[in-house]
Structures are given as structure tokens and as C-alpha cells.
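Proteins come first, then strands; the chains are lettered A, B, ... in the order of their sequence lines, and each starts at number 1. Predicted model, so just to flag it, every value in this text is computed and none were measured. We use all heavy atoms of the structure for the numbers below, so side chains are in, but hydrogens, waters and symmetry mates are not.
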Number of protein chains: 2
Amino acid sequence: MERTPGRRRASRPQRETGAIRQQPWKQLVLPYAPIEVLSKDEVEAIHDAALIILEEVGMRVLKPEARALYRSAGADVDESTHRVRMDRALIAERLKTVPATFELRARNPQRNLKVGGRHCILSSVGGPAYVMDNDRGRRSGTYAEMCDYLKLIQSFDILHQEGGGPFEAMDLNPNTRHLDLYYAEITLLDKNWQPQTLGTGRTIDALEMVAISLGTTREELATEMPVFTGIINTNSPLQLDEPMAEGLIALAEHGQVNVITPFTLAGAMSPVTLPGALAQQHAEALAGIVLTQIVRPGVPVMYGGFTSNVDMRSGAPAFGTPEYTMAAQITGQLCRLIGVPFRSSNVTAANAVDAQSAYESAMSLWGCLMGGANLVLHAAGWLGGGLTASFEKLVIDCEMLQMMAAYFEPPQVNAETLALDAIREVGPAGHFFGAAHTMQRYERAFYSPLVSNWDNYDTWVERGQVTARERANTIWKKVLANYEQPPLDPGIDVALRDYMERRKREGGSPLN
Amino acid sequence: MERTPGRRRASRPQRETGAIRQQPWKQLVLPYAPIEVLSKDEVEAIHDAALIILEEVGMRVLKPEARALYRSAGADVDESTHRVRMDRALIAERLKTVPATFELRARNPQRNLKVGGRHCILSSVGGPAYVMDNDRGRRSGTYAEMCDYLKLIQSFDILHQEGGGPFEAMDLNPNTRHLDLYYAEITLLDKNWQPQTLGTGRTIDALEMVAISLGTTREELATEMPVFTGIINTNSPLQLDEPMAEGLIALAEHGQVNVITPFTLAGAMSPVTLPGALAQQHAEALAGIVLTQIVRPGVPVMYGGFTSNVDMRSGAPAFGTPEYTMAAQITGQLCRLIGVPFRSSNVTAANAVDAQSAYESAMSLWGCLMGGANLVLHAAGWLGGGLTASFEKLVIDCEMLQMMAAYFEPPQVNAETLALDAIREVGPAGHFFGAAHTMQRYERAFYSPLVSNWDNYDTWVERGQVTARERANTIWKKVLANYEQPPLDPGIDVALRDYMERRKREGGSPLN
């Protein structure tokens, strides 16, 4: 038994908070040693297994241009099976040109981002098919709703980057809706944003529009600070399809950052054992990283770890599992071994914004953040295995991210913070509420939550027994109502609209 | 954007699961380096500040017998102010006799527990005033409900120890209800359990009854493997009250384990700065640890870290905050510095079993488990700042604990798990469901959840959109229905009842 704490109250009145209170814009910097799940020897054994896979089994590369690039660099290419095999010397040589750190440009230079080392970028959910909120449940989204979601991403300072479109705007033409998305990403945010990378057309459209937004040209982008991290998924096991190869090549040619992300679900698209799944993930990542360096030596590139496991009883993908956590942290070890910045994700299989969604996200976040991730995609908003972007989950995740950001700021230890004078002043059985040491610091002493309710039970009941999910609903509506659009040069706006209209007249970028 | 995963299904039918699936009984062993929030120098600065506090300010010790013990060991005792001051040499000398590791005896020897080093015990919630479930909300509990809760604690193998009474049985006489609690703890569980330590009477009753249950005597307990970890809270700041001093002395005299736990809420009972709060916590813990070694040199003792912060706007205690996480991990560093096993807790201020309760618990659990805790009290069931024991939170916490236990088992890396043959066999664009490597391992390859639902959205809707909180309700009822009482020698049962009846006739142990 432990004596239950009494709930003493401070004499301080509750401060008024007109807008939401949030932590100020600041990139995360990991202050602790990353968690090492495996020994150095074990990490090297996985790396070695990946090299054997690429030497003996190889990657199936569907795009002829990509195969030609590999061949030009000395890889062994079998045109009848589309199989590309490469030896460890070729890989080691190409890894040498990968930059360990770089910066990413945002429309607002105050929001430029550092990549690599101990720096971490938190990026919003990208790619879901559906949108969901407490009021209307899950549904196909519209462009207007997607714009609302983007406004929230702009408003939460804990999100450093937009993740490539929170959900599909199903009321728009599928061949041109990426243009509307890009226009919204540029005009509703001043943060860095991710392009869609499925095929050359969408990638080039993104490059053209971001160039307009920055007052430059697509051709000049390659000579400047990169603006795009584009997600390139391999088709695990061991295949790179045509649209993804096109996206990869177009991004690399333009000096942009490919985030090579195998989707290796253990037991389905990769071996049921975690080391095997990671060896295969590593092989696929290496193949993609090498290709970027063949296209343009020295172009920045990232390694995306997305290994999770399936439910072996149903085949359903599982996320935020203990296996996911370990896979993320081992991927961090693999990234540090080969010197490539690490991308990970905040994921859950839960369909509701309930306790499961929070504990699976927590397992993900501790996995990637303490694994040394440099980019956390889907850091806020992901629900239901990534098929849904949730308005309430976005808010809950921002709270969890802010808590991790505060945890990443360990206390200063010095005479002032050790507070011996205050302890002497208060003495045994006294209290610290009124001490000068407390009064001078209380306003900013502790993390101030976004969603968490710390009322005692009776107060909580009086105020309507509002749960975290319901509070999140109130919060996003309040934030949306207070959204302020970042300024944009009217000439740039006209140029963006002109480009978009022209491309729509041309038919956009059909996928097939 | 990232391509949304398709939800491939295995051909495997879902296996029948009559009883719940859970991980087998096994103590946790931390396989990773604990997270070090502060540098070695900073940890030593906190230790040094604590020594200065004990030298200059001292502890207020209300019980004359305790003051006499301190005086006998060379401390400076001021009888007019009840102030006990001790120098660093005395403290260093007394720390030398503290055992770094020991074992705890359970009624079932298979459930004996290792304490110290990398071993970790997960213990159920202890001390709340109220009970809560989905069906009836929060209320004062009865003895029958308390027994149900104890049956669940016995049934979940992830819980290694009972935490000292999950909530008060308000239908029983307050002067004797601890006897009924002890009887229930002994007869409904075969796990180790915690006594109530408020005053000599309750502590002696616990010692007598546990001795009966183990076929020994209270006097002989001191010569055997310890059976009790008893929580001793100081009255922060810097005070040890009479009932707690009595409990401490009685436990130590009988060779039992005091868990010295200052309740240092930063900003209220300790400085608003974390290093100051921890310096004071450390001073109070050292004072208590020293007293145990004065009473009985070499008696096992633990250091409980319970530093959290208050909400400076309302004075309400906050739990599972970033400050809590850091405080837990720094306490782990302090414990390793002085060689005393570390106790921590899984805590939240949330009043509902919602996302907040899960993310605050996750922050707590990562704080204590990656901080190297040897005992996690309140590991399952705690809600609402510790005023409530929740049936559903118990289940959710067991899931979170099981996930951490699985995370504490990093994969073996060898030829079989690297699975190169399976990768060769499946090849590019194949799938692993049917591979021999998968078939041989799929049943036990991954963590199998207790509460988590991994259905896709449509299936989840068809099955009634059941949230984690509702699933937890179903699970505890199923587990309770399947509870099996561990066997007990009928002679011991009679002796326990005789003791209890006699003590009830005598009036029990009134608190005042």
C-alpha cells in the first residue's frame, strides 16, 4: 500500500488561455544515447546478410532505365528476369558519396530543417485513403476537408513538415488532384512539405510548383538546398516497380532527397523472423540508396525503416507492436552503421482513438525517437493501419510528440536548480508553493499539456466526464477557427494557378 | 505520401482461444543499457546536494524510538525540533551494508522473485480509495469486489506481485479490514504480496499471517528469505511520521524489505526544479535507507522514486508527464550510484480509461523500465492519480506490460533467423506466408495481444466498433470466470482464520 496523495491546491488562479498553449517551434535533438537493441556484431551480421542477398538474389527492377543505370555502375543485370545483382564493393563505393547531414528548405526560411546526426523532423500523416472525425466517422474526404487538415498541420508547431497529403480528395479528378494538393500544401503552409512520388509526372509537377513557390526554376533546384523528401517504397520482397523507380530517378536528378522505404511486413513480404525481415529491408534500402548515388553522386538520401509484423492468425498487418519497436531501433543501428539518415514512423492498427491507438503509438514513438530517427513520418494523424487520417488522432499525437520533445530537454543541474536555498528556507514539513524559488519559475517550470486533463475526479465529473478523444475534437476545431494563412507573394500565387490550370488542361498525370 | 498497405490475408484460419492468451510467467530482465538522462557528474551533484541537505537541514523524525536509533548511530539529534542531522561519513558507512541483490519468497516457490541487478518485478496497484469499472462507474469498494480484483491479479501472469491491496473494502471495519485483506492476499493468490505498513499493529499482523501461511513463525522470518516489500513514504519535505517509522522499524527488525519512497511532487512538497526535487527525494530516501541499516545491518532495502510535478495552474498532481519520465530515469541513476535496488511506478492522472490514460502510462513505463527499475509498483490498475483502481485499466496495463516484456526479448541473430534460405526460396515479388521457414515458426513468431484489435475497419465495424476499454471489460470478466484458486493446506487456512478472529476480538489495529 502507498498513501494516496492529497490534492493540495495552489493559491494561484488558473491562467486564462485564449488560444491553445503549445510548445514553440523547435526541431528535436536527441540528447540521450540511442537504444541499441543488438550488439555491434549482430548489426554487422544483418548488414552482411543484406549484402549476400544483393549479391546472390538481387532486386527485380521493372523499369529499363533503372536497370541501365545499375548496369552502368557495374551491377550484373539479367534482362530476361529483370534481376539486378550487385557486389559489396559496388555498394561500399556508392555509400561513400551519401551525405551524413544536410538541410531541407521551407517556404519560410525560419522553418528550414536539419537532417541527420541527432536532429529529428516530425512530419504529419501521409497517404491514407480515408478521413475520420468524431462527428461524422470515417469517410472518403473532400478537398475542403483536406485543406482543413492541412491548416491544422500548419498550426501545430510540433509538426515540422507536412507528410505528402493527409488523405485523398475524392471529389477531385484522380489525374489532376495531386496539383490541387500541391497548391494547398504551398499556400496553406509555410512549412516544408512532401511531394507524391508515384511516377515521373507527379514528381515533375511537384518540382515545378515548389520551384515557382520559391522563386526559382526546376532546373536550378538541383544546385540549391534540397526542398523535397520523397517516399520511395520498394515492392517487398526485393522488387522496385516502374512508378517508384521513375519517382526516385526524377527526385535524384533534381538534387532532391529519396527516402527509400521497404515495406517489409515480417511473415508476409519478408521472413517471419525479425533479423531476416531486417536483412531483407536492408538489402532493398541499400539497392535504392545505391541507385540514387548512381543517378547523382552526393545527392542526399534517407533510409526508411518500416518493418512490422502481421497477425499470423489473420494476416492483418500489426503496428506499434514490440516487434515494430525493436525493428525501428535496429534500423537506427543499421543506418548509423552505413552513415545514412534514418526515417521511421508513428503507427497503430487501432480503428478508434482509444487506449490502443495511444499505447501502440507510444511503442512506435519510443521505438523511433530513442532509435535515433531523423525523420518521423506519420508522426501525427495516422489511424487504422494507415488507411485513415483522423482529426482527433492528429491532436492526441501532437500531445504525445510535445511530451517527447519535453523529455528530450533534460534539466540543467546547477546551484539554482538544485535549490538548496529553497530547501533550507522551506524546511521539514513546509511547502514550496509560496517559496520565492517557486514563484520565480512556476509559469514555465513544467510541460503544459494540450489534451491531458488533470482535474480531480469530482471536478472532471462536474465538467461532463469529457474523455481525451472528445477534448481532441474541441481542440482541433478551436485551432482551425484560429488558423492564420501564411502570406504569399500574389505573383507567385498567380504563377502557381497558371501552372496548375495548364496541367489540368493537358490532362494531368494519369497513373496508367 | 506512402503507398497504403494492402491487407493481405493468410490462408491460415483463426485459431480457437478458449481461455485468454497470455505470455507465460517470467520476471523481466532489462537487456538494454538503461537510459542515462544526466551525466555522471550531474548525478553526483544531486547526490552531493542530498548529503548537504542531511548535514545542514536534516530530517524531522516524529517517533522518539527512531530518533534514538539515529542518535545511537552517531547522528546529531535535536529533541526540541525533532530534527535529525547526519554527516556523509555516517551515510556512506551505512550504505555499505545494503545488499545489492536479494530474493523475495512467495507462497508458491515457483513465484519467488529476484530483486536487484537487471531484474524487474511488476506489481499491481496498491492503496486507492475507490474502485471503478465500465458497468458501475467509480464507487467505494466492497470486500467481495476487492477479492474479484485480487483474483485477476493472480490470473495475469505478467503481474509478479500483489501491490498491497487494490482498494479499500469499505463494507468492513476500518480497524480490522487489513486482516481480511491479508487473508484474501494469502488465500486467493500464491504470488508474493505487499503488507500495509501504517503503524506497528498492521505490520505485525502482516508478519504473523505471512508466517502462518509459510509454515514458519514471525520470529523466524528474520532468519529466512524476505517475504515483504513494504512501502514507506516519507512526509515530504523532510519528515518521517510516527506510523511510517513504526512500519519501517518493524519490517527491518523482521528482516523484511523497506521500500523508502519520498512523495516529492515538484512545486508542492519539493522544489519546482527537477534537480532540486530529486536532491530532496534522494536526501529523504538516504535517511530512510540509513535507518533500516541501523535497525538491522544488512537488511534488504529499496529506494522508491516517486517524484512528479504538480499542475502549477491548479496545484493538482500530474503523472506520466515528461518530468515524471526524466525523474524516474534519473532516480535509476541515483540508485545505481549508491547500490540500492530501485522501485518506480506506472502512473496517470487520467480519470477515464482513454487515450490519455494510455499515453501517460506509456511515459511512466518507459521511464521506469528503461530507467532500470527493479520493482514497478502500480504497474497495473492505477487510474485518476492513484485514487482509483480500475478493472479495465488493469487489463490495458497488462497488455502494455506484456508488450514491454516482449520488447525486453531482443531477437537472436543467427543463420536460422537471418533466413537467407527463405529469402532465396521466395525471391523477388514472392510471398512468405507459405514458405517452410514461416510455417515452422508462425505460431509463436510474434507477440500475441491481449486487448489490441487488428481487424480492418470494415470488420471492426461489423463486429460492433468495440473500443479497447470495452474489450478490457469483456476480458476481465472472462478471466474472473476462469479464475482458479491456488491450493492451500487446510490446516494453514484454519490457523489464518483463528489468528484473524482473535485479532478482531481484540479490536484490530486502530490507526489512532
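Residue with the most contacts toward chain B among A/V461, A/N453, A/T325, A/T467: A/N453 (heavy-atom pairs, distance under 4.5 Å). Chosen from B/P449, B/A362, B/A352, the residue pairing most often with chain A at heavy-atom distances under 4.5 Å is B/A352. The greatest number of non-hydrogen atom pairs below 4.5 Å with chain A, out of B/P411, B/S357, B/A419, is found for B/P411. With chain B as partner, the option from A/R471, A/M59, A/R469, A/Q465 having the largest number of non-hydrogen pairs under 4.5 angstrom is A/R471. For the set B/A406, B/A445, B/A405, B/A429, the entry with the most heavy-atom pairs within less than 4.5 Å of chain A is B/A429. Contact count against chain A (heavy-atom pairs under 4.5 Å) is highest for B/G267 among B/P31, B/G267, B/P410. Of the residues considered (A/A318, A/G367, A/A422), A/A318 shows the highest number of contacts with chain B, using heavy-atom pairs under 4.5 Å. With chain B as partner, the option from A/E42, A/R138, A/E36 having the largest number of non-hydrogen pairs under 4.5 angstrom is A/R138. Interface check for chain B: of the options A/M404, A/H82, A/R424, the most heavy-atom pairs under 4.5 Å are formed by A/R424. Chain A forms the most heavy-atom pairs under 4.5 Å with one residue out of B/W366, B/W460, B/Y407, and that residue is B/W366. Between chain B and the residues A/E323, A/Q440, A/M400, A/Q239, the largest count of heavy-atom pairs under 4.5 Å involves A/E323.
Residues A/S448 and B/R313 meet the side-chain proximity criterion, which asks for heavy atoms closer than 4.5 Å. Between A/Y447 and B/N309, the closest side-chain pair of non-hydrogen atoms is not below 4.5 Å. Proximity of A/M403 to B/M363: side-chain heavy atoms (C-beta onward) are separated by under 4.5 Å at one or more points. A/I423 places none of its side-chain heavy atoms less than 4.5 Å from the side chain of B/E56. Looking at A/L274 and B/T417, their side chains never come closer than 4.5 Å, going by heavy atoms from C-beta outward. Between A/Q356 and B/E399 there is no side-chain heavy-atom pair separated by less than 4.5 Å. Inter-residue side-chain proximity for B/Y32 and A/M370 is flagged as unmet; no heavy-atom pair is nearer than 4.5 Å. Residues A/P271 and B/F432 meet the side-chain proximity criterion, which asks for heavy atoms closer than 4.5 Å.
For B/L38, the part sitting under 4.5 Å from any heavy atom of chain A is the side chain, from C-beta outward, and nothing else. Of the two parts of B/L365, neither the backbone nor the side chain holds a non-hydrogen atom closer than 4.5 Å to a non-hydrogen atom of chain A. Interface residue B/L418: backbone and side-chain heavy atoms are both found under 4.5 Å from chain A. Interface remark: B/R83 contributes side-chain atoms only to the contact with chain A (heavy atom separation under 4.5 Å). Interface remark: B/A49 contributes backbone and side-chain atoms alike to the contact with chain A (heavy atom separation under 4.5 Å). Residue B/Q412 touches chain A through its backbone alone, counting heavy-atom pairs closer than 4.5 Å. Residue B/Q329 touches chain A through its side chain alone, counting heavy-atom pairs closer than 4.5 Å. Looking at B/V37, both its backbone and its side chain come within 4.5 Å of chain A, counting heavy atoms on both sides. Residue contact with chain A, scored on non-hydrogen atoms closer than 4.5 Å, involves the backbone and the side chain of B/A266 alike. In this structure, the portions of B/A45 lying under 4.5 Å from any heavy atom of chain A include both its backbone and its side chain.
Inspection of the A/S452 and B/Y359 side chains reveals an N or O donor paired with an N or O acceptor under 3.5 Å.
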- Item | Candidate pair A/W454 and B/E360, rule side-chain contact (heavy atoms from CB on, under 4.5 Å), full reasoning | CA-CA 11 Å; A/W454 296 338; B/E360 288 184 339; 3.0 Å; yes
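Distance check: B/D354 CG to A/D354 CG gives 9.5 Å after rounding to the nearest 0.5 Å. A distance of 7.5 Å separates CG in A/N456 from CG in B/N351, rounded to the nearest 0.5 Å.
Among A/V272, A/T321, A/D311, the one residue that satisfies the side chain to side chain contact (heavy atoms under 4.5 Å, CB included) test with B/F446 is A/V272.
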